[in-house]
Structure formats: structure tokens, C-alpha cells
> 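This structure is in C-alpha cells; I'll ask about it shortly.
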Amino acid sequence: MDLKQKLASEVAKKVINKQELFILDVRNEEAYGDWKIEGESVTSMNVPYFDLIDGVEEILPKLPKDKEILVVCAKEGSSIFVGEELVEAGMENVSYLSGGMKAWSEYLEPVKVGDLPGGALYQFVRLGKGCLSYLIESNGEAAIVDANRMIENYTTFAENKGLTIKATFDTHLHADHISGGKTLAEQINGTYYLPEEDAGEVTFEYSALKEGTSVSIGNVTVEPIYSPGHTIGSTSLMINDAYLLTGDILFVESIGRPDLAGKAEDWVLDLRTTLYNRYKEMAGELVVLPAHFSKMAELDENGAVSAKLQDLYQKNDGLNVEKEEDFRKMVTENLPPQPNAYQEIRETNMGKITPDEETKREMEIGPNRCAVN
């Protein structure tokens with residue numbers, strides 16, 4: 001038997017379809033503890049590469065004989081070495097993750113979430129990072145919301161469907177991942193929309209995304225709704241009075257944190273007002289589509305992340321804190337660690353620094369941490 005290659009797209013299908021997958025992760029313990037491939041039917045074991053250089057004999061009894069074993073490392077080199085050692089030791093069904101965790105971090109899975117007049121709304125699920133971006137399609141036109149930096153995913157998808165991308169939107173200035181919105185808008189000669197309250201330090205031209213100024217994509221209306229709290233400029237997008245793209249303000253199982261620009265105490269009341277007043281006035285039937293998710297359990301049977309607004313007011317703990325004092329403590333104390341290189345990511349999204357592609361990859365390594373636990 002030979003060592004097989006497994007693409008990130010193939011692994012994604014297994015995770016989404018809840019198929020059994022056994023992973024031997026050979027990164028160091030700290031990297032594994034911080035971030036790994038997860039899923040309802042995923043089992044993983046961590047044995048650092050340096051413990052396997054002299055042979056894999058000691059771990060053979062711990063590996064399943066009746067399942068495929070996927071060996072994973074940071075870039076793929078170590079996993080190929082360990083995978084070949086397992087094959088030589090007689091293991092019959094061994095593969096390695098092509099491109100390693102870097103490839104997993106960058107893979108986007110497009111999922112249709114609903115129909116729109118003359119088109120549909122698609123969610124691009126970045127399983128390895130927990131990021132969610134969107135493509136709005138109507139009458140041959142398209143727009144991208146909260147684009148990741150791997151913009152070829154959107155352009156290839158649009159080209160295959162015969163769509164012309166007219167505009168890109170960022171619901172806020174991102175701190176956990178590098179936005180592809182501006183780059184994509186330049187490539188397609190389209191319009192890049194960004195909330196002006198978040199754009200005070202940007203070094204490039206943009207169109208202000210602000211309430212009261214709707215944007216048409218084919219027969220679809222994109223209506224900005226000012227919803228500060230995660231950032232001072234956070235702006236939700238209402239799509240044809242049916243879908244609410246909430247950015248990093250409201251998630252399916254949590255709410256957005258207000259501290260990634262060092263303004264936690266200042267923005268607590270903005271966050272509470274958005275969640276407990278502004279959103280509460282909206283129709284409960286609206287389908288909430290956030291910019292992130294934290295757990296694979298949030299994906300539905302099709303691989304999408306969504307929930308009705310009225311359901312979130314019933315089951316999301318972040319929307320059910322009665323006292324303002326308790327709410328303030330929840331969103332300013334005991335927060336998870338801040339995202340990797342978040343200050344550099346913010347500066348990149350402002351246009352202040354222009355790191356090369358490999359540096360961008362390194363900056364984004366690890367999970368998103370935009371939510372209050």
C-alpha cells in the first residue's frame with residue numbers, strides 16, 4: 001500500500017457529512033491544544049513529530065486497524081514522513097493532509113442557505129478558522145460580504161455560475177482575519193463598502209456603508225443597519241427583509257466581544273443596545289447569518305450556520321442577561337485569549353502594513369476568537 005494524499009476539500013466533506021475520521025496530529029502539543037481539526041465524528045490523537053523520528057512502533061497499538069488514518073502537521077512535510085513510516089510498518093489505510101493545517105485554515109466550502117429573487121444566498125464556510133462569508137446572487141450580479149483573503153474562491157465560484165461581482169462589503173474592520181474585500185473590489189473594478197466609523201485610520205478609498213443608504217444587487221436590496229458593539233462601526237446587512245447578516249455582533253451560540261480595539265468598557269452599552277433593543281425590534285422570522293462560528297456543532301445537516309432571530313432570543317445566553325451590570329462583567333471579564341496577531345491584522349486591514357503572503361498565513365494561524373464565551 002502507498003501513502004495517499006487527502007485534500008482539504010475532501011476532509012471538509014467528511015466533517016460536514018459527519019463521517020468517521022481518525023487523525024494523527026504530529027504538531028507540537030501547544031499547537032494541537034490551541035487549534036485542531038474537529039467534528040462530530042472526528043477522533044484525533046496528538047503525538048509530536050519529534051517523538052516519531054526514530055520510528056512509529058510505539059504508537060501502532062494505539063492506532064485503529066479498521067479506519068483510515070489521516071496524518072496532519074503544519075505544512076505537510078512531517079505528516080508525509082510519519083505517514084510513510086506507518087505504511088512501511090504495515091498500516092493499510094493511511095493518508096496525509098495535503099498542505100497541512102495551513103491548507104485546512106484556508107479552505108472555503110460554499111453552501112447555499114436560501115433563495116433570493118433571481119438567485120440565491122451562499123455561505124462560504126471556512127471550517128479551519130470558523131469564518132463565514134457570503135455571496136449574494138441576483139439576475140447575474142453578485143456581491144461578497146466579509147470576504148476572506150483567498151479571493152479566488154469567490155471569483156471562481158462566480159465565474160462558474162456566470163455571475164458578475166459588482167461590490168464587496170465588510171460589516172466591520174476585522175481583527176481575526178485579513179479581509180479580501182478591498183483586494184477583490186479592485187480586481188473586479190467594483191465598489192468596496194466599509195462602515196465609516198471603523199475607517200478613521202484606513203489608507204485607501206472606500207464607499208461608506210451606513211444606515212439609510214441601501215445597495216441593489218440585481219433584484220435584491222442590501223440594507224445596512226448600524227449595530228455597534230463589537231466595533232464602533234459594526235453594521236449588519238438586511239437582505240430582502242429575510243436574512244440578517246450580523247457580522248461579529250451576534251452568533252448562533254454567543255455574542256461578539258467588544259475588546260479587540262481596546263475599547264471594551266466604552267462599547268459595552270453599544271453592544272447591549274444593539275442586542276437588547278435594536279435587534280429585538282426586528283422580525284423574529286429573520287434568519288441570522290453571522291460572520292463566525294465557534295463549534296462544529298453549530299453547522300446544520302447541510303454544513304451551514306444559521307438560526308432564526310426569535311430562536312436566538314430563546315436559547316442564546318448572551319441575549320438573556322437581565323442586569324446591565326452582569327452583562328458588563330460577562331463581556332469585559334474572563335474573555336478568551338485575543339486572536340493571533342490581531343493588532344497586525346487590523347493594521348493590514350487598514351492598509352497601514354502590507355505583509356507578504358506567507359506572513360499573512362502565519363498571522364491567521366489559529367481559531368477565531370471574536371465571541372464572548
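Positions are given from 1 along the sequence. Side-chain atoms are counted along with the backbone in the values below, which use heavy atoms only and exclude waters and symmetry mates. All values derive from a computational prediction rather than experimental measurement.
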> What do you reckon, is CD of E205 surrounded by more than 12 foreign heavy atoms closer than 6.0 Å?
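No, the 6.0 Å shell around CD holds no more than 12 heavy atoms from other groups.
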> Does Y313 share a hydrophobic cluster with M238, counting links as ILVMFWY side-chain heavy atoms below 4.5 Å and allowing steps through other members?
yes
> Can you name the nearest heavy-atom pair linking I151 to G180, along with the distance?
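It is CG2-O, 3.5 Å.
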> Is any side-chain heavy atom of E85 closer than 4.5 Å to one of L52?
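L52 vs E85: side chains apart.
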> Could you grab the distance from atom OG1 of T231 to atom CH2 of W267, nearest 0.5 Å is fine?
5.5 Å
> What do you reckon, is NZ of K4 surrounded by more than 12 foreign heavy atoms closer than 6.0 Å?
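Above 12, so yes.
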> Could you tell me whether a side-chain N or O of N302 sits under 3.5 Å from a main-chain N or O of V111, the two making a donor and an acceptor?
no
> Rounded to the nearest 0.5 Å, what separation is found between the NZ atom of K280 and the CG atom of L319?
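The NZ atom of K280 sits 8.0 Å away from the CG atom of L319.
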> So do the side chains of R361 and R149 get within less than 4.5 Å of each other, counting heavy atoms only?
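Answer yes - side chains close enough.
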> Should the heavy atoms of other residues, nucleotides or ligands under 6.0 Å from CD of Q19 be counted, would the total exceed 12?
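Enclosed.
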> Heavy-atom count around N277 CG within 6.0 Å, excluding the residue itself: above 12?
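Atom CG in N277 is packed in, count exceeds 12.
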> Between D198 and G233 (side chain of the first, backbone of the second, donor and acceptor by atom type, cut-off under 3.5 Å), is there such a pair?
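Checked: pair present.
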> If you compare all heavy atoms of S254 against all heavy atoms of A371, which two are closest, and at what distance to 0.1 Å?
OG-CB, 3.2 Å
> For a 4.5 angstrom cut-off between non-hydrogen side-chain atoms, does L116 reach I217?
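L116 vs I217: side chains apart.
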> Roughly how far apart are H230 NE2 and L250 CG, rounded to 0.5 Å?
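Between atom NE2 of H230 and atom CG of L250 there are 12.5 Å.
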> Testing Y193, Y192, Y206 for side chain to side chain donor-acceptor pair (under 3.5 Å) with D170, which one passes?
Y192
> Are more than 12 heavy atoms, taken from residues, nucleotides or ligands other than E358, located less than 6.0 Å from that residue's CD atom?
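Buried by this count: over 12 neighbours within 6.0 Å.
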> Just wondering, do V321 and Y276 contact through their side chains at under 4.5 Å, heavy atoms?
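Side-chain contact under 4.5 Å: yes.
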> Does the E253 side chain pair with the main chain of S294, one donor and one acceptor, at a distance under 3.5 Å?
no
> With heavy-atom distances below 4.5 Å as the criterion, would you say the side chains of L63 and L86 are in contact?
yes
> For L127 and L299, run side-chain contact (heavy atoms from CB on, under 4.5 Å): C-alpha distance rounded to whole Å, both residues' side-chain angles, the deciding distance at 0.1 Å, then the answer.
CA-CA 10 Å; L127 290 162; L299 275 64; 3.6 Å; yes
> Output, in order, the C-alpha distance, side-chain angles, deciding distance and verdict of salt bridge (charged side-chain N to carboxylate O under 4.0 Å, His left out) for E333 and R328.
CA-CA 8 Å; E333 300 176 7; R328 179 180 293 275; over 6 Å; no
> Below 4.0 angstrom, N of the basic side chain to O of the carboxylate: do K13 and E109 qualify?
yes
> According to salt bridge (charged side-chain N to carboxylate O under 4.0 Å, His left out), who are the partners of K360, at least two apart in sequence or on a separate chain?
none
> Between CG of L163 and CZ of F157, what distance do you get to the nearest 0.5 Å?
7.5 Å
> Is it true that the side chains of S133 and Y154 contain a donor and an acceptor less than 3.5 Å apart?
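Short answer, yes.
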> Output yes when a side-chain donor or acceptor of S105 lies under 3.5 Å from a complementary backbone atom of M101, and no otherwise.
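Here the side-chain-to-backbone pair does not exist.
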> Establish, from distance only, whether the side-chain atoms of S95 and E68 form a donor-acceptor pair under 3.5 Å.
yes
> Are L3 and L24 in one and the same hydrophobic cluster, where Ile, Leu, Val, Met, Phe, Trp and Tyr link if side-chain heavy atoms are under 4.5 Å apart?
yes
> In this structure, would L289 and F293 fall into the same cluster of hydrophobic residues linked by side-chain contacts under 4.5 Å?
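L289 clusters together with F293.
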> Between D176 and H292, does a side-chain contact (heavy atoms from CB on, under 4.5 Å) hold up when you go through it step by step?
CA-CA 10 Å; D176 76 301; H292 288 101; 2.8 Å; yes
> Group every Ile, Leu, Val, Met, Phe, Trp and Tyr by side-chain heavy-atom contacts under 4.5 Å, then state whether L108 and V113 land in the same group.
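No, it is not one cluster - the side chains of L108 and V113 are not joined through contacts under 4.5 Å.
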> Would you say that more than 12 heavy atoms from the other residues, nucleotides or ligands in this model lie under 6.0 Å from the CD of Q310, or not?
yes
> Are Y243 and Y134 near enough that their ring centres are under 6.0 Å apart?
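No, they do not, as the ring centres are separated by 6.0 Å or more.
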> Is it the case that the side chain of T203 and the backbone of M350 share a donor-acceptor pair, with hydrogens and angles ignored and the cut-off at 3.5 Å?
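Between the backbone of M350 and the side chain of T203 there is a qualifying donor-acceptor contact (under 3.5 Å).
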> Could you measure the distance from the NE2 atom of H172 to the CG atom of L194? Nearest 0.5 Å is fine.
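That separation rounds to 10.0 Å.
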> Identify the heavy atoms of W104 and A12 that sit nearest to each other, and give their distance.
CZ3-N, 3.7 Å
> Taking everything shown except E159 itself, do over 12 heavy atoms lie less than 6.0 Å from its CD?
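No, the 6.0 Å shell around CD holds no more than 12 heavy atoms from other groups.
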> Please test N93 against I69 for side-chain contact (heavy atoms from CB on, under 4.5 Å), starting from the C-alpha separation and ending with a verdict.
CA-CA 6 Å; N93 195 359; I69 297 170; over 6 Å; no
> Between the side chains of K182 and N349, does any donor sit under 3.5 Å from an acceptor?
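Absent: no donor and acceptor within the cut-off.
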> If every non-hydrogen atom of G100 is compared with every non-hydrogen atom of E76, which pair is closest and at what distance?
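Looks like N-CB, 3.9 Å.
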> Examine distances only and state if a side-chain atom of E141 and a backbone atom of S138 form a donor-acceptor pair shorter than 3.5 Å.
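No; zero donor-acceptor contacts below 3.5 Å.
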> Where do N46 and R27 come nearest, in terms of heavy atoms and distance?
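Taking every non-hydrogen atom into account, ND2-O, 3.0 Å.
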> Before you tell me yes or no, could you show the steps for L275 and R272 under side-chain contact (heavy atoms from CB on, under 4.5 Å), namely the whole-Å CA-CA distance, both residues' side-chain angles and the distance that decides it to 0.1 Å?
CA-CA 5 Å; L275 296 174; R272 187 170 175 87; over 6 Å; no
> Measuring only between side-chain heavy atoms, which start at C-beta, is W35 closer than 4.5 Å to I365?
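Counting from C-beta outward, W35 and I365 do come under 4.5 Å.
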> Taking 4.0 angstrom as the limit, do R278 and E211 come out as a salt bridge?
yes
> A side-chain contact here means heavy atoms from C-beta on lying under 4.5 Å apart; do N148 and K129 qualify?
no
> Please say whether more than 12 non-hydrogen atoms of neighbouring residues, nucleotides or ligands are located less than 6.0 Å from CG in D2.
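Atom CG in D2 is not crowded, with 12 or fewer foreign heavy atoms closer than 6.0 Å.
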> Answer with yes or no whether the side chains of S227 and S236 bring together a donor and an acceptor at under 3.5 Å.
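Judged by distance alone, the side chains do pair up.
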> Taking T155 for its side chain and E152 for its backbone only, find out whether a donor-acceptor pair lies under 3.5 Å.
yes
> With heavy-atom distances below 4.5 Å as the criterion, would you say the side chains of V125 and L132 are in contact?
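Yes, side chains in contact.
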> Hey, what do you get for CD (E84) to CD1 (I80), rounding to the nearest 0.5 Å?
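Here the interatomic distance stands at 7.0 Å.
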> Can you name the nearest heavy-atom pair linking V220 to N240, along with the distance?
CA-OD1, 3.3 Å
> With the 4.5 Å side-chain cut-off for hydrophobic clustering, are M150 and F124 part of the same group?
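They do share one cluster, since a chain of ILVMFWY contacts under 4.5 Å joins M150 to F124.
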